**Q** 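Following this message is one structure expressed as structure tokens.
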There are 2 protein chains.
Amino acid sequence: MPAYRPSTPPPPPPTSARELISAHGGRVTRTRVAVIDVLLGSQHPLSHDEIAAALDGEHIAHDRVTLYRALEWLVEQGIAQRIASGERAWRFEIRRGGEHRHAHFHCERCGQILCLEDVPTPASAPLPPGFAVERAELVLHGACAACGRHAQEGEQ
Amino acid sequence: MPAYRPSTPPPPPPTSARELISAHGGRVTRTRVAVIDVLLGSQHPLSHDEIAAALDGEHIAHDRVTLYRALEWLVEQGIAQRIASGERAWRFEIRRGGEHRHAHFHCERCGQILCLEDVPTPASAPLPPGFAVERAELVLHGACAACGRHAQEGEQ
DNA sequence: ATTTTTGATGCAACATTGTAGCATTAGATT
DNA sequence: AATCTAATGCTACAATGTTGCATCAAAAAT
Ligand SMILES: [Mn+2]
Ligand SMILES: [Mn+2]
Ligand SMILES: [Zn+2]
Ligand SMILES: [Zn+2]
């Protein structure tokens with residue numbers, strides 16, 4: 001006697017990553033889903049390298065180039081945004097609802113990047129005629145609390 | 001009869017580049033002087049590549065690495081500053097007197113970078129305790145007047 | 001369920017931007 | 001003129017992306 005088989009299998013739990021991708025007309029692939037999940041789970045923007053490390057940590061096989069292309073696609077679709085952190089590599093973060101563009105803090109000692117959710121980026125500014133602003137990036141550079149403490153201890 | 005020879009040759013016109021370098025305890029070298037002159041002559045920050053092209057234009061021989069090191073030294077000395085333009089390469093500009101930190105505009109169509117002398121970068125912002133800001137970078141991204149015009153013409 | 005379509009992948013090669021090591025040169029000083 | 005050493009000019013190397021193209025597989029069509 002065959003095991004019970006419902007006529008329609010239960011739909012997979014609709015991960016928001018999968019939904020996001022489909023909603024933008026893209027194919028739901030392993031790397032895309034994993035990258036979105038990693039970004040969703042992070043409180044600060046991540047570099048390609050950090051994302052790759054996260055995927056490795058979860059034993060999700062992935063190709064370097066595919067990862068770059070996945071990130072590129074996410075940015076094109078407006079699902080994620082790219083940030084010039086002050087280091088050489090781009091960083092990526094999910095564009096969370098509300099769309100309030102915020103500034104970032106870059107610690108020049110340890111390289112850490114932090115979202116300053118409370119610091120908005122200026123939406124406009126006096127520009128030459130004909131110029132149009134589409135987005136603004138504000139990065140504050142300095143020392144984070146941990147690195148500032150170390151410096152003080154060191155200099156006593 | 002020998003030609004007239006003054007006992008002390010007339011001092012070379014003290015270029016401000018030469019003075020700047022000496023004042024900072026550096027050796028006055030061909031590349032350093034040329035780089036400063038190029039930067040002084042520009043109204044907007046220049047990439048390594050643009051500076052190299054400018055030197056070529058003036059037939060000033062120079063080595064790629066030496067140019068990188070000259071720029072690095074200028075930044076260390078506080079004579080110039082490095083800007084993350086939104087493209088992959090750094091850009092450099094002389095820190096002109098007054099020290100008023102200004103924002104920059106990056107045209108995402110043509111890549112041009114413009115100094116927004118009238119737009120100050122925020123000097124402070126609400127930060128987590130222990131964090132210290134040392135400098136801020138504000139870059140507005142969008143379309144310059146020329147590129148905006150082209151777009152309009154194209155879409156009619 | 002099978003076939004078809006084509007977006008997306010995975011690999012190798014390449015490009016750009018910047019650094020490190022080290023012998024040699026030349027700017028400044030004695 | 002001799003000396004000292006910062007700076008140069010090479011060559012390699014590193015880090016971060018990008019391009020081309022054959023192959024695969026997600027989604028659609030049958
Ligand atoms: Mn953020
Ligand atoms: Mn400027
Ligand atoms: Zn830190
Ligand atoms: Zn433009």
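What you see is a predicted model; the values in this text were computed from it and never measured.
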**Q** Testing the 3.5 Å rule here: is there a donor-acceptor pair between the side chains of A:His141 and B:Glu137?
**A** yes
**Q** How many Å lie between CG on B:Leu67 and C1' on C:dT17, as a whole number?
**A** 12 Å
**Q** If the threshold is 4.0 Å, N to carboxylate O, is there a salt bridge linking B:Glu76 and B:Arg82?
**A** no
**Q** Rounding to a whole Å, what distance do you find between A:Arg32:CZ and C:dA8:C1'?
**A** 6 Å
**Q** Starting from P on C:dT17, measure out to CD on A:Glu87 and report it in whole angstrom.
**A** 19 Å
**Q** Quick one: B:Asp63 CG to C:dT19 C1', roughly how many Å, whole number?
**A** 13 Å
**Q** Report the relative orientation of the aromatic rings in A:Tyr68 and A:His48; use parallel for angles under 30°, tilted for 30 to 60°, perpendicular for over 60°.
**A** parallel
**Q** Grab the CG-P distance between B:Leu71 and D:dA7 for me, whole Å please.
**A** 14 Å
**Q** Going 5' to 3' along nucleotides 25-30 of chain C, which nucleotides have protein heavy atoms under 4.0 Å from the base (write B), which only from the sugar-phosphate (write S), and which from neither (write -)?
**A** -BBS--
**Q** Search all heavy atoms of A:Pro129 against all heavy atoms of B:Ala145 and return the closest pair with its distance.
**A** O-CB, 3.6 Å
**Q** If the condition is side-chain hydrogen bond (donor to acceptor under 3.5 Å, both in side chains), which residues does A:Gln112 pass it with, not counting sequence neighbours?
**A** none
**Q** Give the minimum heavy-atom separation between B:Ile94 and B:Leu40, together with the two atoms involved.
**A** CG1-N, 3.9 Å
**Q** Under a single-linkage definition using a 4.5 Å side-chain heavy-atom cutoff for Ile, Leu, Val, Met, Phe, Trp and Tyr, are B:Leu55 and B:Leu74 assigned to the same hydrophobic cluster?
**A** yes
**Q** Grab the CH2-C1' distance between B:Trp73 and D:dG9 for me, whole Å please.
**A** 19 Å
**Q** Drop me the distance from A:Leu127's CG to B:Phe105's CZ, to the nearest 0.5 angstrom.
**A** 6.0 Å
**Q** List the steps, then state whether side chain to side chain contact (heavy atoms under 4.5 Å, CB included) holds for A:Glu108 with A:His106.
**A** CA-CA 6 Å; A:Glu108 298 198 327; A:His106 172 227; 4.0 Å; yes
**Q** For nucleotides 12-24 of chain D, give me one character per nucleotide, 5' to 3': B if any protein heavy atom sits under 4.0 Å from the base, S if the only such contacts are to the sugar-phosphate, - if neither.
**A** ----BBBBB----
**Q** For B:Arg91 and C:dG18, give me the distance from atom CZ to atom C1', rounded to whole Å.
**A** 16 Å
**Q** Return the set of residues passing salt bridge (Lys or Arg N to Asp or Glu O under 4.0 Å) with B:Arg32 (not counting sequence neighbours), or none when no residue passes.
**A** none
**Q** Using ring-ring contact (aromatic ring centres under 6.0 Å, His included) as the criterion, list what pairs up with B:His102, not counting sequence neighbours.
**A** B:His100, B:His104
**Q** Tell me whether the side-chain N/O atoms of B:Thr66 come closer than 4.0 Å to OP1 or OP2 in D:dG9.
**A** yes
**Q** Rounding to 10 degrees, work out the angle separating the end axes of the helix from C:dA1-D:dT30 to C:dT30-D:dA1 (five pairs an end).
**A** 30°
